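Below you'll find the structure, written out as structure tokens, and then a few comments.
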Protein chains: 2
Amino acid sequence: MVSRYGRAAVILRPVPASGGNLPSTGRGRRAARPSGDDRELAILATAERLLGERPLSAISVDDLARGAGISRPTFYFYFSSKDAVLLSLLDRVVSEAEAAMRAVFGTPAATSREGWHRAIAAYYETFRAHRALTVAWAEARTSSEEVRALWSSVFERWVQQCAAAVEAERARGAAPAGLPSRDLAVALTSMNERVLYATFSGDGPSVAEGDVVEVLLGIWLSAIYGRTPTG
Amino acid sequence: MVSRYGRAAVILRPVPASGGNLPSTGRGRRAARPSGDDRELAILATAERLLGERPLSAISVDDLARGAGISRPTFYFYFSSKDAVLLSLLDRVVSEAEAAMRAVFGTPAATSREGWHRAIAAYYETFRAHRALTVAWAEARTSSEEVRALWSSVFERWVQQCAAAVEAERARGAAPAGLPSRDLAVALTSMNERVLYATFSGDGPSVAEGDVVEVLLGIWLSAIYGRTPTG
DNA sequence: CCCGTATCTCGACACCACGTTGACTCGTTC
DNA sequence: GAACGAGTCAACGTGGTGTCGAGATACGGG
């Protein structure tokens, strides 16, 4: 099992002997048939490749199946839908995003400016590294409840970290009181999200990719500190 | 002709005697058949009603046709697709948005704060008044090139007005130099867009509807002036 | 009054994508 | 070698889109 979103048919079946008796995928490669995990991986790889070429809505289940060298019904043996494939791919991005979050908010910064810079740069970098997936994520959000929920959970955690950091800055007197920290964090994070999406997708007017972190950082700092802090 | 997006079949036909020989829709109502304009209006009204109930993707052409009391093929006599109906509805919103823009940026404000408050409140109000349409607009942006282009044009004009206003404030010494005014305007407008969408659609964490204008305004002011200006 | 033309209407069709069914193959295990 | 589970796919049903071509209906001109 590669991911919790894969192997739909198996998941729906009544759980068999919940003690971990995984199939013997460990021993030397079987020539005859590629294992299920190989197929699953092939589908995921195909999806990621095609997403680099065209939007999710222009990719059919048949495209994914053919790309992985299987027929369409067989695809459904591995995933319950196109969305499940996306969700599976997003799992990886979400893990990276959370790791980045922990790294950034877990270690103290020399200056306030540096701290926020690191946070925004990490946010930017996580999604830049998977831009096709990020764009597809935003696209699928409007059509899939699960995709929307996954996004919301990532967004929410980010907002909480930021709001807590704002509170901390206020508590130590570095930032003035002002808007409720949560509202501030929600609005600023929304800005990041939308600006990065526009920049990555090329959809409509946006900010040049090389400047985007500086622009966002500038607005975050003035919104949090009232004016750019020196330390 | 009700809108430039309607009457697909007619539009595609070679233009007939471009002098305005509209059908005699003025005289007393014809009982037998409702006129074409009535049908067109009925389709638009149905679309707006259904958008209040469910997302665009969950509304079929058949739903629109039945709602207007016609068959599906007849629908295609009036509109070339579902998207064309949406575009037609959006025409109205776009006009209102532009009227609001002119009203706000065309008249001087007593204070800077009041000026920006009026601008953001107008933006908010325009889309709040058509929230179902606004949400559908954002949804269709990912699937229709034309919808995306329409959004971009509205966004772009708004950004230009704001960037110009920022430049004016800087020129008269009310605002300090800082980020390029266009980048600032793009990022802040993106924030407005995303926050309002989340608030109206209820999709994911957002700001309470009653507070949204104040929150956005606060961030705009600190981003433009460095700290909240008093006058 | 009848005829032509433009407007309008819809049954029937072709197409495409989705997701399911049921029969089949092929290793593995006892 | 029988039984089982994993994996596979042809064929099917469903539901959506958009088109075609044959009609109906009104209206203006001869």
Side-chain angles (χ1 to χ4, degrees), chain A residues 1-2 6-17 21-43 54-66 68-85 143-144, chain B residues 1-2 6-17 21-43 54-66 68-85 143-144:
Chain A
M1 172 88 48
V2 170
R7 229 51 80 84
V10 175
I11 286 177
L12 294 177
R13 216 163 278 167
V15 184
N21 59 345
L22 298 169
S24 55
T25 325
R27 258 178 304 138
R29 56 175 59 254
R30 275 167 298 170
R33 251 197 260 193
S35 86
D37 281 0
D38 288 344
R39 299 296 207 196
E40 194 167 331
L41 256 10
I43 293 171
R54 47 183 197 268
L56 185 65
S57 55
I59 298 172
S60 71
V61 170
D62 204 50
D63 293 333
L64 297 179
R66 284 180 189 285
I70 55 177
S71 71
R72 208 162 48 79
T74 300
F75 167 92
Y76 286 100
F77 180 80
Y78 292 101
F79 292 95
S80 62
S81 69
K82 210 165 60 173
D83 284 344
V85 176
S143 64
S144 158
Chain B
M1 174 89 47
V2 169
R7 228 53 81 82
V10 175
I11 285 177
L12 294 178
R13 217 163 278 166
V15 183
N21 60 342
L22 298 170
S24 56
T25 325
R27 255 178 307 139
R29 56 177 58 253
R30 275 169 297 172
R33 247 198 264 192
S35 86
D37 281 359
D38 288 346
R39 298 295 206 196
E40 194 166 330
L41 255 10
I43 293 171
R54 50 184 196 267
L56 184 64
S57 56
I59 299 172
S60 70
V61 169
D62 203 50
D63 293 333
L64 297 177
R66 283 179 190 286
I70 55 178
S71 70
R72 208 165 51 79
T74 300
F75 167 92
Y76 286 100
F77 181 81
Y78 292 101
F79 292 96
S80 61
S81 69
K82 213 165 59 172
D83 283 345
V85 176
S143 64
S144 157

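Each chain gets a letter, A, B and so on, in the order its sequence line appears, and its residues count up from 1. Side chains included, hydrogens not; waters and symmetry mates left out as well; all remaining heavy atoms used. Since this is a predicted model, take the numbers as computed values, not measurements.
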Does [X] have a side-chain nitrogen or oxygen under 4.0 Å from the phosphate oxygens OP1 or OP2 of [N]?
| X | N | result |
| --- | --- | --- |
| A:Tyr78 | D:dT8 | yes |
| B:Arg72 | D:dG16 | no |
| B:Thr74 | C:dC8 | no |

query = In terms of side-chain heavy atoms of B:Val61, which of D:dT17, D:dA6, C:dT20 is nearest?
reply =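 Nucleotide nearest to B:Val61's side chain: D:dT17.
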Can you tell me how far [atom2] of [N] sits from [atom1] of [X], to the nearest Å?
| X | N | atom1 | atom2 | value |
| --- | --- | --- | --- | --- |
| B:Leu56 | D:dT17 | CG | C1' | 14 Å |
| B:Tyr76 | C:dG11 | OH | C1' | 15 Å |
| A:Phe77 | D:dG7 | CZ | P | 4 Å |
| B:Arg66 | D:dG15 | CZ | P | 13 Å |
| A:Phe75 | C:dA17 | CZ | P | 14 Å |
| B:Leu64 | D:dG15 | CG | P | 18 Å |
| A:Ile59 | C:dC16 | CD1 | C1' | 17 Å |
| B:Glu40 | C:dT9 | CD | C1' | 16 Å |

Exam field: side chain B:Lys82 to backbone B:Ile59, donor-acceptor pair closer than 3.5 Å =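 Side chain of B:Lys82 to backbone of B:Ile59, a donor-acceptor pair under 3.5 Å: yes, one is there.
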From OG (B:Ser144) to CG (B:Leu56), nearest 0.5 Å =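 Interatomic distance, B:Ser144 OG to B:Leu56 CG, rounded to 0.5 Å: 9.5 Å.
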message = Minimum heavy-atom separation for B:Ile43 and B:Ala68, please, with both atom names.
response =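 Shortest heavy-atom contact: CG1-CB, 3.7 Å.
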task = Evaluate whether atom CZ of A:Arg54 has more than 12 neighbouring non-hydrogen atoms of other residues, nucleotides or ligands under 6.0 angstrom away.
result =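 Correct, the count exceeds 12.
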ask   = Contact class for A:Ser60 vs. all strands (heavy atom < 4.0 Å): base, sugar-phosphate, or nothing?
value =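 The answer is sugar-phosphate, as A:Ser60 gets under 4.0 Å only of primed atoms, P, OP1 or OP2.
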